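What you see is a predicted model; the values in this text were computed from it and never measured.
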Amino acid sequence: DAIPELISDGVNGYLATPEDADDLFEKVMLLLNDPARAKLMGDNGKTIVKQQFSLKILIDKTERLYHNIL
């Protein structure tokens, strides 16, 4: 369920239809046939992870969660 929150279809990856092997195959082939696009999507993914999941951000979120619980 978290995948669509992290992946922007066509920007930092592709979202495949669950349980649709043909759709998954098509998405994998798109990346295999376009290494530059695959690299760009990978770079975009790294940027998003760094922005949303840095140690400081995770600590801040955890502290807020504990503060709200208490």
Where do K61 and Q52 come nearest, in terms of heavy atoms and distance? NZ-O, 3.9 Å

Minimal heavy-atom distance between A16 and L24, with the atoms involved, is CB-CA, 4.0 Å

What distance separates [X] [atom1] from [Y] [atom2], expressed to the nearest 0.5 Å?
| X | Y | atom1 | atom2 | value |
| --- | --- | --- | --- | --- |
| I7 | L15 | CD1 | CG | 6.5 Å |
| L70 | L65 | CG | CG | 9.0 Å |
| T17 | K27 | OG1 | NZ | 5.5 Å |
| L6 | F53 | CG | CZ | 4.5 Å |

Compile the donor-acceptor pairs under 3.5 Å between side chains in residues 29-38 and protein atoms, sequence neighbours left out, one pair per line.
{"unit_1": "N33", "atom_1": "ND2", "unit_2": "M29", "atom_2": "O", "d": "3.0"}
{"unit_1": "D34", "atom_1": "OD1", "unit_2": "R37", "atom_2": "N", "d": "3.2"}
{"unit_1": "R37", "atom_1": "NE", "unit_2": "Y14", "atom_2": "OH", "d": "2.8"}

Per the salt bridge (Lys or Arg N to Asp or Glu O under 4.0 Å) rule, what does the pair list look like for residues 38-58, sequence neighbours excluded? K39-D43, K56-D60

Which residues pass the side-chain hydrogen bond (donor to acceptor under 3.5 Å, both in side chains) test with S8, sequence neighbours left out? none

